[in-house]
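Order of the sequence lines sets the chain letters (A, B, ...), proteins ahead of strands, with each chain counted from 1.
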Amino acid sequence: MENLNGYLIVSAILFSIGTIGVLTRKNAIVIFMCVELMLNAVNLTFVALSRHLGNLDGQVFVFFVMTVAAAEAAVGLALMIAFYNNRETIDVTDMNSLKW
Amino acid sequence: MDMITFPTIDMTPILPEIYLSLLAMALLLINVFMPGRQKGYLGYISFVGVVAIAVMTASGWGIEVSSFSGSVIQDKFAIFFKIIFLLSAGLSILLSDQYMEREGCNHGELYPLILFTVVGMMLMACGTDLMTIFLGLEVMSVSLYILAGFNRANIKSNESGLKYFLLGAFSTGFLLYGMALTYGATGTTRIFGISGQLSQMAAPAANIMLLAGMLLMITGFAFKIAAAPFHMWTPDVYEGAPTPMTAFMSAGPKAAGFAAAIRILVISFPALQPDWSQLFWILAVLTMTIGNITALRQDNIKRMLAYSSIAHAGYALVGFAAGNETGVAGVLFYMLSYAFMNIGAFAIVILIAKKGETNGTVQDFAGFAFKRPLLAAVMSLFLFSLAGMPPTAGFIGKFYLFSGAVQQGYVWLAIIGVINSAVSVYYYLRVMVFMYMKNPSEEFEWATVTAPVALALIISAAGSIILGVVPSYVMQFAQQAAKLI
């Protein structure tokens, strides 16, 4: 594949956008979406590298990552609902009952 | 149509995981189908199961099996860590019933979740493929997020679970990106394969992709073991989580993070050891110092123990930075002793706290020794051990860690470690001063000690003493386990 670097650069940019989003956003759901963006940037890296190297390990890895991301989403959203039930907000700046 | 013939697979390395998963799923079913709200007996079943599986795991000592085409391995290193995980899970299960009953959240799902966490940790310790290790790490983390937020009605527990989830998932991203880049640089995810590729490279230290991959993986693991500067989540999560789960989190998952990080770095990246050794040198100093200095200022006992657990991760990193057999054996031994002494200390914290944890400061220990001399003596033992005084497990553990560093020529690292250890004596002894030298501020009924908590206290006290007085017996196992390559 001639254009490996292009894919790697795109996924690096996506990963950085996700990281910056996690660090700057205040809404827990948006932060979680940014985490998902990071994971999918990694998936893109895996798939591109897998094609470039000509072995399937990377693509198998992507299936594991997707499964894990789904499980994480289920648990994470449940935790957010529990928090919302008590505080009626999911803004991380309101997570202040424990000293930061 | 042709029958699909399955290859013969040796299940031995993951038999403990299989049995634990089956036990956990059976408990979930029992929880649903048995009537009644009191599900304390699930705790007894899981404790017996954990003990049985620990015996089974230990019986595999010395039998080295690798299967699933090199994704999992049963070796002494994995078995030693599996015993640590099962020990910390067993002790936390013993502590859970009384605490959860008091907090009114004694739901039956607790025990299966603890067992699933152990399954994940075990996969991390026995995985020899980045995929297996990642999967184990996530099984562990996802269960732990729920355990941290287990007390749904309690705002602190909610917050603890949510913070742990957001930062845990964030760190997973880094770890995974590191794994992807390592895969790109070497073309394999097997950790023995990676070391094979590295040995063929002319200059692995000049390969940017490989270096970035290793650094990102180290970042991910540093989050999981709460090493500074990636420790910010620890105090909040540990303070808000139900106390038995805090005890569990500080012992088991931390050890699992070390297990996976040691296996990946020592086996896959020996060619880059000078580089990662330097990095861990810095991480160890930062972690020890930040943990101890901030612990000095804490009044809340759970928060103090959280910072102290950061400091202890720092001590273990000293042995890791050394990266030699003594250092790694020291990490193994230290993680085992830490499980005993830290879970023991948290057991006393559980007995001190009132419903809803409205108290729980160091001041609440005032006069404890007059009311409950025996419990105060046991607490003092744990605190002495955490502070690293002879003849306790903590002293011997630190001795091995620091001597590993000295052997490797990191004399200054060992000196900084000893200074830190001296600093930590202040905040541990402060609790003892309150227990033995202050009068109780108000009349307050101490919680009664139920049989499971008493058993947990006896096991942890015995462990803290035995590992300190006759360490050589356990140390020889740790030394055998540390012979990784």
For a quick test of reading the model, state the closest non-hydrogen atom pair linking [X] to [Y] and the distance between them.
X: A:Arg87; Y: B:Glu159; value: NH1-OE1, 4.4 Å
X: A:Val42; Y: B:Ala180; value: CG1-CB, 4.0 Å
X: B:Met209; Y: A:Leu8; value: CE-CD1, 3.6 Å
X: A:Phe46; Y: B:Met179; value: CZ-C, 4.2 Å
X: B:Tyr183; Y: A:Leu53; value: O-CD1, 3.6 Å
X: A:Phe83; Y: B:Asn158; value: CD1-CB, 3.8 Å

| query | Taking every heavy-atom pair that is under 4.5 Å apart, which of A:Ser11, A:Ser50, A:Ala41 has the most such pairs with chain B? | reply |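 Ranked by heavy-atom pairs under 4.5 Å with chain B, first place is A:Ser50.
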| request: Quick one: which of A:Met80, A:Glu36, A:Glu72 has the most heavy-atom pairs under 4.5 Å with chain B, could you say? | output: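 So the answer, after comparing A:Met80, A:Glu36, A:Glu72, is A:Glu72.
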| Roughly how far apart are A:Asp57 CG and B:Leu130 CG, rounded to 0.5 Å? |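 Here the interatomic distance stands at 10.0 Å.
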| field | Euclidean distance, A:Leu79 CG relative to B:Arg152 CZ, rounded to 0.5 Å | value |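 It comes to 11.0 Å.
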| Interface moiety of B:Asn154 toward chain A, non-hydrogen atoms closer than 4.5 Å | backbone
| request: Below 4.5 Å from any heavy atom of chain A, which atoms of B:Ala153 appear? Answer side chain, backbone, both or neither. | output: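 B:Ala153 touches chain A through backbone heavy atoms alone.
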With a 4.5 angstrom heavy-atom cut-off, is it the side chain or the backbone of [X] that approaches chain B, or both, or neither?
X: A:Ile29; value: neither
X: A:Ala12; value: both
X: A:Thr67; value: neither

| query | Would you find a donor on one side and an acceptor on the other, under 3.5 Å apart, between the side chain of B:Lys163 and the backbone of A:Val92? | reply | no
| request: Verify ring pair (Phe, Tyr, Trp, His ring centres under 6.0 Å) between B:Phe170 and A:Phe32, making sure each step is shown before the conclusion. | output: CA-CA 8 Å; B:Phe170 184 51; A:Phe32 181 57; over 10 Å; no
| message | For B:Phe134 and A:Phe61, take the angle between the two ring planes, folded into 0 to 90°, and tell me which bin it lands in: parallel under 30, tilted 30 to 60, perpendicular over 60. | response | tilted
| message | Could you tell me if the side chain of B:Phe174 sits less than 4.5 Å from the side chain of A:Phe15, heavy atoms only? | response |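 Yes, close enough: below the 4.5 Å cut-off.
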| said: Are A:Val35 and B:Leu166 packed together at the side-chain level, in the sense that at least one heavy-atom pair is separated by less than 4.5 angstrom? | reply: no
| message | I'd like to verify something: which residue of B:Ser160, B:Gly187, B:Ala148 has the highest number of heavy-atom pairs under 4.5 Å with chain A? | response | B:Gly187
| query | In terms of heavy-atom pairs under 4.5 Å, which option from B:Val142, B:Ile155, B:Ile146 contacts chain A the most? | reply |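 Among the listed options, the one with the most contacts to chain A is B:Ile155.
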